[in-house]
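The structure appears right after this line, and notes come after that.
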Amino acid sequence: MNDQRSAAEPAAAAVAVPEAVTALEGAGRSWADRRTALAPIALVVAGGLSVQFGSAVAALLMPKAGALGVVTLRLAAAALILLVICRPKLRGHSRADWGTVLAFGVAMGGMNTLFYLALDRIPLGIAVTLEVLGPLALSVFASRRLINVLWAGLALVGVVLLGGGGFDRLDPLGAAFALAAGAMWAAYIVFSARTGRRFPQADGLALAMVVAAVLSLPLGIIESGAKLTVPSTVALGAAVAVLSSVLPYTLELMALRRLPAPTFAVMMSLEPAIAAGAGFLILDQALSTTDALAIALVIGASIGAVRSRSGPAPRREA
């Protein structure tokens, strides 16, 4: 009875006092607006968790299939899954639409290939740290708000600390691969957003995934050959495809339809922190005090980006 009365009191007050109706409606709209603003943020975080835990599984698979073989399995399986699920239409698209999909596929394939080549030569944490510099640079150059430069700078300090001060001891080619993967990651962000605006649902993603898979297939066959046909390897490759490609790319594509590219790029700073967590849980990689401090800085930058995104909109001048 007390619960029923408590629930009825706001409604009764609204009936008795007309101003209360406006207040309640305003509160409802405020909560709805905040939830709408935070929805793409949640999609990005979920995508990050999926892709980094998928990368941890891929690290277990690389001794069996090689770096390029894992990329081929991942992209080919993801392309097949997306084609079956999305059944994208091939007609009715302009030349510019196809150009965007092609660029998106090249960026996606290049990002994955270069990242796994980097993992062959440098540690996972440092590779992710170097790779994330691409989205950070995008956030600085593309943003028109000074606050985003601040959050990007804070995240940059975090990723440098996460590198553990070992950048001077890295394999030069491995570091170059990781930095190039970061550049392709920045391009992926740009063309993913454009693809999401030009194609319905995940149709553009499915088509771009086919482009990426076709580009990676010769490299994977040359390096791994018959290893790509082992049933257990194929099964793990399919799992990596779902965790590292299908699920995160779909979530990110949905998020980029409602989230500015600079904010999305800053939030990508979470990737080294998530990777460290996945490495600890799956690969038994312990975290040092410096790693924990770096993660705190990266998370702080991401929280700042979230607050900048979900804060009140500026008032329009009359």
Side-chain angles (χ1 to χ4, degrees), residues 36-51 54 71-115 131 134-135 138-139 141-143 181-217 237-238 240-268 271 309:
T36 299
L38 291 177
I41 303 297
L43 292 174
V44 174
V45 173
L49 288 169
S50 181
V51 74
V71 174
T72 296
L73 286 173
R74 169 180 169 174
L75 295 177
L80 289 174
I81 293 170
L82 286 173
L83 286 176
V84 171
I85 294 175
C86 300
R87 298 181 182 180
K89 296 181 179 179
L90 300 180
R91 296 182 178 181
H93 303 297
S94 67
R95 182 176 299 179
D97 293 340
W98 286 114
T100 300
V101 162
L102 179 61
F104 186 23
V106 171
M108 190 186 305
M111 177 180 65
N112 284 281
T113 301
L114 290 166
F115 179 71
E131 187 190 26
L138 175 64
S139 71
F141 292 121
S143 175
M184 298 303 289
W185 192 357
Y188 160 82
I189 293 172
V190 173
F191 288 107
S192 178
R194 293 181 182 179
T195 300
R197 290 191 293 267
R198 288 179 175 272
F199 289 83
Q201 305 302 322
D203 286 10
L205 174 62
L207 295 171
M209 192 70 73
V210 172
V211 173
V214 169
L215 292 176
S216 70
L217 187 59
V240 172
V242 173
L243 288 173
S244 295
S245 294
V246 177
L247 185 57
Y249 292 170
T250 301
L251 294 174
E252 290 171 3
L253 189 68
M254 294 168 59
L256 278 166
R257 286 181 175 139
R258 294 177 285 173
L259 195 66
T263 303
F264 178 87
V266 173
M267 289 198 66
M268 288 296 97
E271 297 291 342
R309 170 62 179 166

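Here, residue 1 is the first one in the sequence, and each next residue gets the next number.
The side-chain hydrogen bond (donor to acceptor under 3.5 Å, both in side chains) pairs that include a residue from residues 202-211 number zero, where partners must be two or more places apart or lie in different chains. Sequence neighbours left out, the pairs with a member in residues 73-87 that pass side-chain hydrogen bond (donor to acceptor under 3.5 Å, both in side chains) are Arg74-Asn112, Arg74-Tyr116, Arg74-Ser245, Arg74-Tyr249. Evaluation of the salt bridge (charged side-chain N to carboxylate O under 4.0 Å, His left out) test over residues 93-114, restricted to residues two or more places apart or in two chains, returns Asp97-Arg198. Sorted by first and then second residue, the pairs that involve residues 186-197 and meet side-chain hydrogen bond (donor to acceptor under 3.5 Å, both in side chains), not counting sequence neighbours, are Tyr188-Glu252.
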Intermediate values then yes/no, side-chain contact (heavy atoms from CB on, under 4.5 Å), Met111 and Glu131: CA-CA 9 Å; Met111 177 180 65; Glu131 187 190 26; 3.8 Å; yes

Under the side-chain contact (heavy atoms from CB on, under 4.5 Å) criterion, do Leu205 and Phe199 qualify, and how do the steps go? CA-CA 9 Å; Leu205 174 62; Phe199 289 83; over 6 Å; no

Working for side-chain contact (heavy atoms from CB on, under 4.5 Å), residues Val242 and Ile81: CA-CA 8 Å; Val242 173; Ile81 293 170; 3.8 Å; yes

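Checked by atom type and distance alone, the side chain of Ser50 never pairs as donor or acceptor with a backbone atom of Ala46 at under 3.5 Å.
For the pair Leu207/Trp98, a side-chain contact is recorded, criterion being any heavy-atom separation below 4.5 Å from C-beta on. Contact annotation: the side chain of Val84 never approaches that of Leu80 to less than 4.5 Å [non-hydrogen atoms, C-beta and beyond].
Ala183 pairs by the side chain to side chain contact (heavy atoms under 4.5 Å, CB included) definition with nothing, not counting sequence neighbours. Partners of Ala186 under the side chain to side chain contact (heavy atoms under 4.5 Å, CB included) rule, at least two apart in sequence or in another chain, are Leu138. Among residues two or more places apart in sequence or in another chain, the side chain to side chain contact (heavy atoms under 4.5 Å, CB included) test is passed with Leu43 by Leu251, Met254, Ala255, Arg258. For Val210, the side chain to side chain contact (heavy atoms under 4.5 Å, CB included) partners two or more places apart in sequence, or in a different chain, are Ala79, Leu83, Val214.
Residue Ala241 comes nearest to Ala77 through the heavy atom pair CB-CB, 3.6 Å, listed as atom of the first residue, atom of the second, then distance.
Note: Met184 CE to Phe191 CZ = 9.0 Å, rounded to the nearest 0.5 Å.
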